[in-house]
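This is a predicted model, so every value here is computed, not measured.
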Amino acid sequence: MLGPVILAASRSDRMRRMVSAAPVTKPVVDRFIPGETVDEVLPIIQGLTGQGLELTMDVVGEDITNPAQAEAARDAYLELIDRLRPLDLGTRAEMSVKLSMFGQALDGGHELALKNVRPVVEAAAEIGTTVTLDAEDHTTLDSMFAIHEELRKDVPQTGCVIQAYLFRTEADARRLADSGSRVRLVKGAYKEPAEVAYQQRHEIDKAYVRILRTLMEGEGYPMIGSHDPRLISIAQELARTAGRKLDEYEFQMLYGIRGDEHLRLAAEGHRMRVYTAYGTDWYGYFMRRLAEKPANLRFFVRSMVTKG
């Protein structure tokens with residue numbers, strides 16, 4: 001399977017240099033990452049919301065090596081929030097953050113990440129929107145969940161992400177559903193060992209359905225992060241069975257993938273949120289998009305062959 005190989009490459013400086021230098025890379029990356037600056041993505045935000053879609057914005061970047069970089073990540077989100085303010089979009093444009101960007105992996109990283117992310121969460125609440133804490137590899141999750149719990153004391157709408165391929169996630173889902181949290185469920189996009197995660201696609205899919213049922217039957221707000229038509233159909237059925245109205249859950253998909261489906265779900269009255277990343281440090285994000293779906297990799301390779 002190519003997925004694990006690509007995920008390993010996402011951590012390789014040599015591969016980063018090779019992919020970044022390839023002439024075809026930028027136009028392909030643009031399919032998934034529509035800009036590097038706030039000025040470039042504001043028209044995207046306005047265009048998508050004008051079509052009845054919602055967004056969650058991600059300033060890409062993960063390899064933070066010092067506190068100054070973590071503060072710069074904080075400031076990038078604060079700039080985004082400041083630019084969203086006059087648009088008055090409310091929760092139609094929320095934010096997703098990776099705590100690794102806020103210094104989680106540095107010495108004293110838990111406290112540093114909490115210190116840096118708190119003003120972002122509070123500023124988002126001031127303009128009527130929310131922040132979701134993205135899940136990363138399994139070694140970071142206890143810290144992420146602790147920060148999520150701490151932030152919810154003052155900003156209860158703060159969300160978090162759980163990953164179906166991890167063995168621990170069913171227990172995490174029960175706890176979060178009972179607490180009334182906003183929870184995005186994804187399959188998982190990091191290379192995890194067999195000791196902590198399912199490795200086969202059918203096992204991950206079955207776990208996804210079990211976890212989603214828990215979320216739908218709980219007290220929180222489920223966010224279905226999937227492009228899989230079968231899982232989307234199952235999610236709709238689980239929502240009906242649980243008696244949820246259309247505004248009591250939402251679908252989330254990545255910018256650049258299945259755009260027609262985004263519009264179809266929105267036209268049916270569903271809340272449909274597009275995960276939209278921007279920024280200059282795009283490599284890790286881009287490689288995980290290739291790893292998640294063979295079609296994405298074929299798209300990239302075909303572009304290299306025809307345009308390289």
Side-chain angles (χ1 to χ4, degrees), residues 3-4 7-8 10-11 56 58-64 70 73 94-118 120-121 130-153 155-199 203-208 210-212 214-215 218 220-226 252 275 277 284-285 287-288 291-292:
L7 290 175
S10 72
R11 295 294 185 182
T56 184
D58 173 16
V59 183
V60 292
E62 300 165 44
D63 296 324
I64 298 299
E94 68 148 39
M95 274 138 280
S96 290
V97 304
K98 290 179 173 61
L99 292 177
S100 59
M101 278 189 67
F102 291 82
Q104 188 184 45
L106 304 179
D107 289 340
H110 178 85
E111 292 75 17
L112 181 62
L114 176 58
K115 176 185 174 183
N116 283 326
V117 77
R118 187 185 294 277
V120 174
V121 170
T130 58
V131 172
T132 296
L133 307 183
D134 273 333
E136 300 181 70
D137 74 78
H138 76 279
T139 65
T140 68
L141 294 185
D142 286 340
S143 171
M144 186 273 282
F145 286 129
I147 289 174
H148 174 246
E149 185 175 348
E150 183 64 26
L151 292 170
R152 288 193 71 218
K153 293 176 182 178
V155 187
Q157 64 269 34
T158 305
C160 69
V161 176
I162 57 176
Q163 301 169 104
Y165 65 173
L166 294 175
F167 300 150
R168 64 171 289 170
T169 300
E170 291 188 60
D172 290 329
R174 288 191 293 271
R175 173 177 54 80
L176 292 163
D178 289 344
S179 73
S181 294
R182 293 173 59 254
V183 181
R184 180 195 305 144
L185 174 61
V186 299
K187 290 185 180 182
Y190 291 83
K191 179 175 170 54
E192 298 285 12
E195 292 77 20
V196 303
Y198 298 109
Q199 304 295 309
E203 294 177 324
I204 298 170
D205 286 353
K206 288 192 292 184
Y208 194 104
R210 292 194 302 269
I211 295 162
L212 184 55
T214 296
L215 296 177
Y221 180 79
M223 301 180 282
I224 302 102
S226 178
Q252 296 192 4
Y275 191 109
Y285 178 89
M287 294 298 281
R288 283 195 298 280
E292 284 174 349

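- Asp178 pairs by the salt bridge (charged side-chain N to carboxylate O under 4.0 Å, His left out) definition with nothing, not counting sequence neighbours.
- By the ring pair (Phe, Tyr, Trp, His ring centres under 6.0 Å) test, Phe145 is found to be paired with no residue, residues two or more places apart in sequence or in another chain being considered.
- The minimum heavy-atom distance linking Asn116 with Ala70 is given by the pair ND2-CB, 3.5 Å.
- Two residues are said to be in side-chain contact when any heavy atoms from C-beta on lie closer than 4.5 Å; Lys187 and Asp205 meet this criterion.
- Partners of Thr158 by side chain to side chain donor-acceptor pair (under 3.5 Å), not counting sequence neighbours: none found.
- For Val186, the side chain to side chain contact (heavy atoms under 4.5 Å, CB included) partners two or more places apart in sequence, or in a different chain, are Val161, Gln163, Arg184.
- No donor-acceptor distance shorter than 3.5 angstrom exists from the side chain of Glu149 to the backbone of Met144, with no hydrogens or angles considered.
- Glu150 is linked by a side chain to side chain donor-acceptor pair (under 3.5 Å) to Lys153, counting only residues two or more places apart in sequence or in another chain.
- Judged as a ring pair (Phe, Tyr, Trp, His ring centres under 6.0 Å), and not counting sequence neighbours, Tyr208 has no contacts.
- With sequence neighbours excluded, the residues forming a salt bridge (charged side-chain N to carboxylate O under 4.0 Å, His left out) with Glu170 are Arg210, listed by chain and number.
- Applying the side chain to side chain donor-acceptor pair (under 3.5 Å) criterion to Ser179, with sequence neighbours excluded, gives Arg152, Ser181.
- Applying the side chain to side chain contact (heavy atoms under 4.5 Å, CB included) test to Ala73 and every residue at least two apart in sequence or in another chain returns Met101.
- Taking the side chain to side chain donor-acceptor pair (under 3.5 Å) definition, one finds that Glu94 meets it with Thr56, Thr130, Thr132, Arg182, sequence neighbours left out.
- The closest side-chain donor-acceptor pair between Tyr275 and Asp134 falls under 3.5 angstrom.
- Taking 4.5 Å as the limit, every side-chain heavy atom of His148 sits out of range of all side-chain heavy atoms of Val131.
- Taking a cutoff of 4.0 Å between a charged side-chain nitrogen and a carboxylate oxygen, Asp58 and Lys98 qualify as a salt bridge.
- In this structure a side-chain-to-backbone donor-acceptor pair under 3.5 Å is present from Glu136 to Ser100.
- Partners of Glu111 according to the side chain to side chain contact (heavy atoms under 4.5 Å, CB included) rule, which considers only residues two or more places apart in sequence or in another chain, do not exist here.
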